[in-house]
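Here is the structure we will look at, set down as structure tokens.
Numbers restart at 1 for each chain; the letters A, B, ... are given by sequence-line order, proteins then strands.
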Amino acid sequence: MRHTISLFVDNESGVLSRVAGLFSARGFNIESLNVAETLDPDTSRITLVTTGDDFIIEQVIKRFNNMVNVIWVDDLTEETRVEREMILLRVEAKEKTRAEILRMADIFRAKVVDVGLETYTLELTGDKEKVNAFMELLEPMGIKEIARTGTVAMKRDTKNSNTGDSQ
Amino acid sequence: MARMIGAEMFFETLIDEGIDVIFGIPGGYVLKVYDVMPKFTDRIKHVLTRHEQGATHMADGYARASGKPGVVLCTSGPAATNTVTGIATAQMDSSPIVVFTGQVPLPYLGSDAFQEADHIGITRPCTKHNYLVRKAIDLPKTMKEAFYIASSGRPSPVLVDMPKDVILGEDELIIPDEISLRGYNPPTKGDPKQIKKAVDMILKSKRPIIFGGGGIIHANATAELIEFAHRLEIPVTSTLMGLGAYPQDDPLYVHMLGMHGSYAANMAVHSSDLVISIGARFDDRATGGNFEEFSPNAEIIHIDIDPSTIDKNIVVHCPIIGHAKEVLKQLLEALPSKIDFDRSKWRRQINEWDKKHPMSYNQTEDKILTSFAIDTLSKITDDDAIIVSDVGQHQMWVAQFYKFNYPRTHITSGGLGTMGFGFPAGMGAKFACPDKQVVCVCGDGSFQMNMQELATAVEHKMDLKIMLLNNGHHGMVRQWQTMFFEGNYSASRFGVLPDFVMLAQSFGATGLRVDRPDQLEATLKEGLSTEGVVLMEIMVDCEELVYPMIAPGGAMSDMILGVSDVA
């Protein structure tokens with residue numbers, strides 16, 4: 001099963017290897033991983049997406065809890081949560097397709113962040129499904145390169161659940 | 001505030017921490033540490049080992065015998081990588097050691113400088129935590145944290161990497177009084193709800209058994225365990241690592257469980273309706289590895305300080321996360337004042353199993369059996385002698401035939417199974433307990449893996465005895481080849497062995513040899529009563545096999561009891 005795990009860790013060198021090491025030691029692949037500072041500059045937040053046996057993921061989470069540099073860990077998989085990812089996507093933009101690409105970008109609320117003679121570079125934010133759908137639609141035009149941030153996630157504020165967050 | 005360099009802070013902090021002995025070897029980047037050391041040797045003894053692996057096992061043996069962290073000091077690169085086997089050994093058996101390594105100066109990190117290795121990267125998976133120190137002023141605080149992490153919670157190794165510029169850096173000495181780490185809060189007391197649930201399970205059980213592990217020893221919980229077992233009349237069995245945690249003379253004791261455990265213990269666990277595991281982790285050598293068929297009719301209470309051991313191999317009904325001593329106290333307090341139980345049938349059943357297939361051997365006049373040699377040793381050593389075994393057949397016979405009545409008297413590499421551990425670990429134990437009788441029991445194979453430390457032992461005029469059981473083979477390998485590989489003895493026999501008696505003598509130690517059963521006891525007595533380092537070489541039968549045995553992956557009720565059971 002696919003798991004989205006959120007970790008608060010000490011913002012110092014080597015912590016990421018410790019976290020990643022628990023996966024490599026079990027032969028697990030990490031699908032995506034995102035690390036950045038939180039409001040507290042001494043703390044980083046890691047959002048990690050992986051697929052694997054629930055039992056083993058539970059063991060890995062217990063091991064995270066044992067780590068001196070891990071302050072707090074939460075498996076968001078079963079939680080009501082907001083998940084987003086950003087993608088930068090360079091697509092071939094020929095005479096015939098330029099208008100079509102812009103129309104699609106408009107429907108998906110993607111932004112054009114760079115324009116070349118024969119390419120557009122688009123920026124899109126959304127959940128994984130939206131990003132994948134966007135890529136599928138642009139595929140026939142010729143996607144030349146992508147860069148994805150990987151998922152970032154937060155538990156929903158249950159008091160205001162599902163409000164003010166339409167895509 | 002006193003100003004000093006990192007090298008001096010290193011010793012000041014060790015003294016503050018109460019460390020009285022360190023094991024190490026000087027070299028490149030720690031030379032300044034060794035340069036200032038003579039100022040501190042009135043308070044800290046340095047043991048110059050002959051190999052860093054030896055130093056690490058000594059620190060480990062010291063920690064296991066004393067309960068205090070063992071300390072290693074060495075330089076970078078090959079010295080640091082030499083410590084890795086010792087660190088992994090200590091981690092698998094939850095032994096608190098702190099390893100200090102020198103490192104290239106910070107600006108050269110990652111440049112493939114001479115004797116550079118990534119100590120932090122290499123030891124990350126085998127330490128509880130490790131540190132790269134970046135400023136001299138941080139060194140004392142980092143060291144205090146390292147000792148705190150190593151010795152609290154589930155004890156484990158910690159490594160502190162000290163670049164040369166940190167060692168040479170001058171600053172004020174600031175040793176913190178208290179350590180607090182926001183991501184590290186080791187558990188102490190168990191959850192009261194779980195305690196209550198456990199008590200209910202215990203009161204309703206008809207056939208309970210205590211599955212005691214090394215955690216009881218780490219937690220110094222022997223007294224509480226005895227009280228708990230006696231109050232409820234619950235039989236107590238032990239894993240390899242738990243030997244000594246409960247007195248074997250006690251009538252409730254059922255001798256060791258597991259792959260080479262007793263018939264009675266394995267049958268009792270298999271037939272029990274309540275397994276109370278304390279400080280054990282249900283590893284494959286303790287359970288036979290057939291986790292599905294483990295104790296099929298039992299509910300399981302699992303008391304452990306490490307939450308990650310819960311449900312790892314065996315799914316349990318009542319986990320209690322906490323320190324074994326604290327949890328046992330809580331359980332004792334939660335018991336009703338009057339309890340009705342009748343264990344006579346259950347205890348009679350266990351006694352019958354024990355009588356049916358006791359641990360036994362059949363010594364003839366011909367070749368010495370290792371089992372007989374260990375049994376003899378058990379009869380003639382001090383009641384509280386520390387026996388440090390190596391890894392292999394002899395290790396299992398020590399576990400089966402030596403009577404351990406006190407915690408911290410049985411030391412062995414159980415988890416990692418590191419050959420070469422026994423002799424240096426025995427030296428460490430002797431440094432921790434100089435007034436106790438310490439005997440290292442080694443095989444010819446395992447002794448050869450760290451025999452260079454004979455020089456260290458003689459140099460320190462240690463009163464240390466080595467019982468070397470020579471069967472000319474990697475005995476356990478040979479046993480598996482006999483049982484599971486149709487007797488194809490590939491690479492298990494030594495074509496050449498040193499003359500161990502002369503070898504001991506060449507280091508300035510005493511060497512004795514015996515090959516006749518009727519002379520064994522006299523030779524052992526002579527060796528044990530001779531001052532100094534004494535190596536007693538016992539020539540033993542290479543064909544003796546360790547029984548009973550649960551074949552790998554088997555269930556606990558499925559034991560091979562002797563030669564006739566081998567198809």
Tell me, for A/Val70 versus chain B, whether the close heavy atoms (under 4.5 Å) come from the side chain, the backbone, both or neither.
-> backbone
Heavy-atom distances under 4.5 Å only: say whether A/Thr43 touches chain B with side chain, backbone, both or neither.
-> both
Not counting sequence neighbours, list each pair that qualifies as a side chain to side chain donor-acceptor pair (under 3.5 Å) and has a residue in residues 141-151 of chain A.
-> A/Glu85-A/Arg148, A/Asn132-A/Arg148
Contact list for residues 282-292 of chain B, test side chain to side chain donor-acceptor pair (under 3.5 Å), sequence neighbours left out | B/Asn290-B/Glu293
So for atom [atom1], which belongs to [X], do other residues, nucleotides or ligands contribute more than 12 heavy atoms lying within a distance under 6.0 Å?
X: B/Lys141; atom1: NZ; value: no
X: A/Arg81; atom1: CZ; value: yes
X: B/Phe291; atom1: CZ; value: yes

May I ask you to list the residues in residues 7-22 of chain A that approach chain B closer than 4.5 angstrom, counting heavy atoms only, ordered by number?
-> A/Val9, A/Asp10, A/Ser13, A/Gly14, A/Ser17, A/Arg18
List the steps, then state whether side-chain contact (heavy atoms from CB on, under 4.5 Å) holds for A/Lys62 with B/Asp311.
-> CA-CA 11 Å; A/Lys62 285 177 183 169; B/Asp311 290 345; 4.2 Å; yes
Any idea which of B/Thr309, B/Asn130, B/Ile120 has the most non-hydrogen atom pairs under 4.5 angstrom with chain A?
-> B/Asn130
Of the listed A/Asn65, A/Ile71, A/Asn66, A/Val68, the one with the largest count of heavy-atom pairs under 4.5 Å with chain B is A/Val68
Sort by residue number and list every member of residues 179-192 of chain B having a non-hydrogen atom under 4.5 Å from chain A.
-> B/Leu181, B/Arg182, B/Gly183, B/Tyr184
Look up atom CD in A/Glu58 and atom NZ in B/Lys312, then write down how far apart they are to the nearest 0.5 Å.
-> 13.5 Å
Do B/His129 and A/Asn69 pass the side-chain contact (heavy atoms from CB on, under 4.5 Å) test, and can you show the C-alpha distance, the side-chain angles, and the key distance before you say yes or no?
-> CA-CA 9 Å; B/His129 195 57; A/Asn69 289 132; 3.1 Å; yes
Part of B/Pro125 lying under 4.5 Å from any heavy atom of chain A | neither
Heavy-atom distance under 4.5 Å to chain A: side chain of B/Leu132, backbone, both or neither?
-> neither
